[in-house]
S.K.: 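Let me begin by handing over the structure; questions about it come next.
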Amino acid sequence: MDKIWYLKQLDIFKELGPKDISEIGVIVDEKNVSKKELLLEPEDKGKVYLIKRGQVKLYQLTPEGKRVISDNLGPGSVFGNFGGDGQGQNFAEASSDTFVCIAKRDTFFETISKKPKVAAKLMTMLFDQISLDRDYITAMASGSVLSKLKFKLVELGGKYGEQKGNRVKIKERFTHEEIADMIGVSRETVTKLLGALKRKGIIKVEGKNIIFDKEKLETASV
DNA sequence: CCATTAACTGACT
DNA sequence: AGTCAGTTAATGG
């Protein structure tokens, strides 16, 4: 990733003993943030955030000032703004009440670099993330709004879903507005398209969960 | 055309 | 009171 650097589901820490963890845990700060509170701004450099509890949205601002959500991280995730010089507009906001630990980036890296295995693991994770991002860019750049939405639903299904064969159920709750911000379209368009997909029987909404057949969705039109 | 903006509405919390 | 989903009229590229 360009300016922002983060990891998901830190099984990376599984390779570390308690001693190392406490070393990394040279935590400079711990913080409770309530929903909607801003955790990280572009100017906020040199820190590593570790999510203990809650959810954090990462987002950027387009030149027009529109917000684009790039990720939604849960407990165990690490993120931070490791910028070069001034460019890039990366923010992090609590999606729910959240508890984070904050450590110094340098300390974190120093500890990591003494552990080749962990460093290798870290690289693997970063490369995986990069290739995911490439798929993502392709889908976002080339597709219609419908294909972006389908792509995002499948992605959300993979990340927050429960799968039985082709049947996918997104467990987490997302508002139309959030989905819209993830794929860079208006909320009304998401409402309309989801409505159309629902009417066609391609997706189903059960309470707060979206359910769909992966095959059917991927080949669906409206 | 297709999507966006803006505005309004009813439902829900 | 604030959030969310669903609609519509007007606008724009």
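Every chain is numbered from 1, with letters handed out A, B, ... down the list of sequences. The structure presented is a predicted model; accordingly, all values stated were derived computationally and were not measured.
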S.K.: A/Lys35 near the nucleic acid: base, sugar-phosphate alone, or nothing, with a heavy-atom cut-off under 4.0 Å?
M.R.: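 Result for A/Lys35 = nothing.
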S.K.: Nearest heavy atom decides the nucleotide; on that basis, is A/Lys208 or A/Lys66 closer to the 5' end of DNA chain B?
M.R.: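 Residue closer to the 5' terminus by nearest nucleotide: A/Lys66.
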S.K.: What's the NE2-P distance between A/His176 and B/dT5, to the nearest Å?
M.R.: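 These atoms are roughly 18 Å apart.
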S.K.: For a quick test of reading the model: is some side-chain N or O of A/Thr189 closer than 4.0 Å to OP1 or OP2 of B/dT4?
M.R.: yes
S.K.: What integer distance in Å separates A/Leu146:CG from B/dC1:C1'?
M.R.: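 Taking atom C1' of B/dC1 as the reference, CG of A/Leu146 is at 16 Å.
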S.K.: In Å, rounded to the nearest 0.5 Å, how long is the span from CD1 of A/Ile210 to CG of A/Leu217?
M.R.: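 Here the interatomic distance stands at 10.0 Å.
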S.K.: If the plane angle is over 60° it's perpendicular, under 30° parallel, otherwise tilted; pick one for A/Tyr59 and A/Phe91.
M.R.: parallel
S.K.: Pick the nucleotide of DNA chain B nearest each of A/Leu193 and A/Glu188; which residue has the one closer to the 5' end?
M.R.: A/Leu193
S.K.: Donor-acceptor check, side chain of A/Asn166 to backbone of A/Asp213, threshold 3.5 angstrom: yes or no?
M.R.: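 No, because the side chain of A/Asn166 does not come within donor-acceptor range (under 3.5 Å) of the backbone of A/Asp213.
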S.K.: Are any of the side-chain nitrogens in A/Arg173 or A/Glu178 under 4.0 Å away from the carboxylate oxygens of its partner?
M.R.: no
S.K.: Indicate yes or no: at least one non-hydrogen side-chain atom of A/Tyr49 is less than 4.5 angstrom from one of A/Leu40.
M.R.: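 Yes - at least one pair of side-chain heavy atoms lies under 4.5 Å apart.
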S.K.: Just do the salt bridge (Lys or Arg N to Asp or Glu O under 4.0 Å) check on A/Lys169 and A/Glu162 with the steps written out, would you?
M.R.: CA-CA 5 Å; A/Lys169 180 178 187 176; A/Glu162 187 181 81; 5.0 Å; no
S.K.: Quick check for you: name the first and last nucleotides of DNA chain C, 5' to 3', having an atom under 4.0 Å from a heavy atom of chain A.
M.R.: C/dC4 to C/dT8
